[in-house]
Student: 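I'd like to ask some things about the structure below.
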Amino acid sequence: MEVEEREAGTAVQQETAHTAVQTPPILRRRLYLLVKRTQDILLSLLALTLLSPLLLLIALAVVIDDPHGGPIFTQVRCGRGGEAFHLYKFRTMCMNAEAQLDALLPYNEMTGPVFKIRNDPRITRLGRFLRAAGLDELPQLINILKGEMSIVGPRPPLFREVVNYTAYQRQRLAVTPGLTCFWQVHPARNSLSFDAWVELDLRYIREQSWLLDWKLIFLTVVAVIRREGQ
């Protein structure tokens, strides 16, 4: 299965190379990326250090709530240019969630290749709270520290979604995926079509800047406080 994901990643890398959106002047962009990566390292290290007691408590709570599996869910995702990497999350679903997916596909509430439904029956009791509070994503701080993700950037898709992308939609793979983005802080994000989601990601790619990144970080904190996640 993982070999197939890697092969899919190679194919996506080749196609994405031909569809990347235009970027700012090279020197300015290199400086921005340097600052962005430095910021990612410092903030992820700081967050992992300060939040370590909370991370341990959440991990323990996940196991207590559903002792049939471990606290961390690992999934192969599509990164920048189609490169595969393992994304980490606190487990919010039952252990056989992937096996139940095919039966739930007819109830998909999203357009395009993405699958999302409200009141997903696979989500555990604690999982609903973690998702609403945005706490299930905290292990991705490790992905950020490793350079596989950034704090701000388009959310990393699954390869089964990417193989159904159009050439236009593949442009969202032109940058390093992130923990938060325009879609993540949108108040009606789960009601947006996939095309609208893609447009938000491409807007971020076009407008990338240090100030925009901090604006999205601030809006993410506000969304977490308001428990606007799902």
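Residue numbers run from 1 in the order of the sequence given.
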Student: Can I41 be reached from L51 by stepping across I, L, V, M, F, W or Y side chains whose heavy atoms are under 4.5 Å apart?
Tutor: yes
Student: The criterion is salt bridge (charged side-chain N to carboxylate O under 4.0 Å, His left out); which residues satisfy it with R30, sequence neighbours excluded?
Tutor: none
Student: Would a 4.5 Å heavy-atom cut-off, applied to side chains only, mark V62 and L130 as touching?
Tutor: yes
Student: So do F90 and L55 actually touch side chain to side chain, heavy atoms under 4.5 Å?
Tutor: yes
Student: Among all residues two or more places apart in sequence or in another chain, which pass the salt bridge (charged side-chain N to carboxylate O under 4.0 Å, His left out) test with D201?
Tutor: R172
Student: Using the rule that two of Ile, Leu, Val, Met, Phe, Trp, Tyr join whenever any of their side-chain heavy atoms come within less than 4.5 Å, decide whether W197 and V185 are in one cluster.
Tutor: yes
Student: So, for L87 and N143, which heavy atoms are closest and what is the spacing to 0.1 Å?
Tutor: CA-OD1, 3.7 Å
Student: Among pairs that include at least one residue of residues 148-159, which meet salt bridge (charged side-chain N to carboxylate O under 4.0 Å, His left out), considering only residues two or more places apart or in two chains?
Tutor: E137-R155, K146-E148
Student: Within the 4.5 Å heavy-atom criterion, are R91 and I72 side-chain neighbours or not?
Tutor: no
Student: Side chains of Y107 and N119: is there a donor and an acceptor less than 3.5 Å apart?
Tutor: no
Student: Would you check if the side chain of W183 reaches a backbone N or O of R189 as a donor-acceptor pair within less than 3.5 Å?
Tutor: yes
Student: Could you state the interatomic distance from OG (S191) to CZ (R118), rounded to the nearest 0.5 Å?
Tutor: 5.0 Å
Student: To the closest 0.5 Å, what do you measure between NZ (K36) and CG (D213)?
Tutor: 3.5 Å
Student: D66 and C94: which non-hydrogen atoms are nearest, and at how many Å?
Tutor: OD2-CA, 3.9 Å
Student: Kindly compute the distance separating CG (L219) from CZ (F182), expressed to the nearest 0.5 Å.
Tutor: 8.5 Å
Student: Testing the basics here: between V175 and P154, what is the closest heavy-atom pair and its distance to 0.1 Å?
Tutor: CG2-CD, 3.5 Å
Student: Identify whether I123 and L101 are in the same connected component of the hydrophobic contact network (ILVMFWY, side-chain heavy atoms under 4.5 Å).
Tutor: no
Student: Among V114, N164, L173, which residue satisfies the side-chain contact (heavy atoms from CB on, under 4.5 Å) criterion with P157?
Tutor: L173
Student: Can you sort out the partners of F218 under side chain to side chain contact (heavy atoms under 4.5 Å, CB included), two or more places apart, ordered by chain and number?
Tutor: V222
Student: Is there a side chain to side chain contact (heavy atoms under 4.5 Å, CB included) between V198 and Y165 once you walk through the steps?
Tutor: CA-CA 10 Å; V198 169; Y165 278 10; over 6 Å; no
Student: After noting the C-alpha distance and the side-chain angles of W214 and V152, does the key distance pass the side chain to side chain contact (heavy atoms under 4.5 Å, CB included) rule?
Tutor: CA-CA 9 Å; W214 274 101; V152 183; over 6 Å; no
Student: Any side-chain heavy atom of F73 sitting closer than 4.5 Å to one from T92?
Tutor: no
Student: Using salt bridge (charged side-chain N to carboxylate O under 4.0 Å, His left out) as the criterion, list what pairs up with E207, not counting sequence neighbours.
Tutor: R203
Student: Flag yes if I217 and L42 sit in one hydrophobic cluster, no otherwise; membership is Ile, Leu, Val, Met, Phe, Trp, Tyr, and two members link when side-chain heavy atoms are under 4.5 Å apart.
Tutor: no
Student: Would you find a donor on one side and an acceptor on the other, under 3.5 Å apart, between the side chain of R122 and the backbone of A97?
Tutor: yes
Student: Does D195 have any salt bridge (charged side-chain N to carboxylate O under 4.0 Å, His left out) partners at least two apart in sequence or in another chain, and if so, which?
Tutor: none
Student: So, taking the atom named NZ in K116 and the one named CG in L192, what distance separates them when rounded to the nearest 0.5 Å?
Tutor: 11.5 Å
Student: G153 and Y204: which non-hydrogen atoms are nearest, and at how many Å?
Tutor: CA-CE2, 3.9 Å
Student: Mind listing the closest non-hydrogen atom pair of P177 and R80 along with its distance?
Tutor: CD-N, 3.7 Å
Student: Quick one: do E98 and Q75 satisfy side chain to side chain contact (heavy atoms under 4.5 Å, CB included)? Show the steps, please.
Tutor: CA-CA 11 Å; E98 291 296 307; Q75 190 175 50; 3.6 Å; yes
Student: If I take atom CD from residue E109 and atom OG1 from residue T111, how far apart are they, to the nearest 0.5 angstrom?
Tutor: 12.0 Å
Student: When you group the ILVMFWY residues by side-chain heavy-atom contacts below 4.5 Å and let the links chain together, are L43 and L211 in the same group?
Tutor: yes
Student: Using side-chain heavy atoms (C-beta onward) and a distance below 4.5 Å, is D40 in contact with T176?
Tutor: no
Student: So do L105 and D102 actually touch side chain to side chain, heavy atoms under 4.5 Å?
Tutor: yes
Student: Flag the pair L145 / L141 as yes when at least one side-chain heavy-atom distance between them is below 4.5 Å, and no otherwise.
Tutor: no
Student: Could you go through the side chain to side chain contact (heavy atoms under 4.5 Å, CB included) check for Q171 and I205 one step at a time?
Tutor: CA-CA 9 Å; Q171 293 181 96; I205 294 174; 5.5 Å; no
Student: Nearest 0.5 Å, please: how far is OG in S209 from NZ in K215?
Tutor: 9.5 Å
Student: Check Y88 against Q140 and note the closest heavy-atom contact, atom names and distance.
Tutor: O-CG, 3.0 Å
Student: Contact between V76 and H86 at the side-chain level, heavy atoms closer than 4.5 Å - yes or no?
Tutor: yes
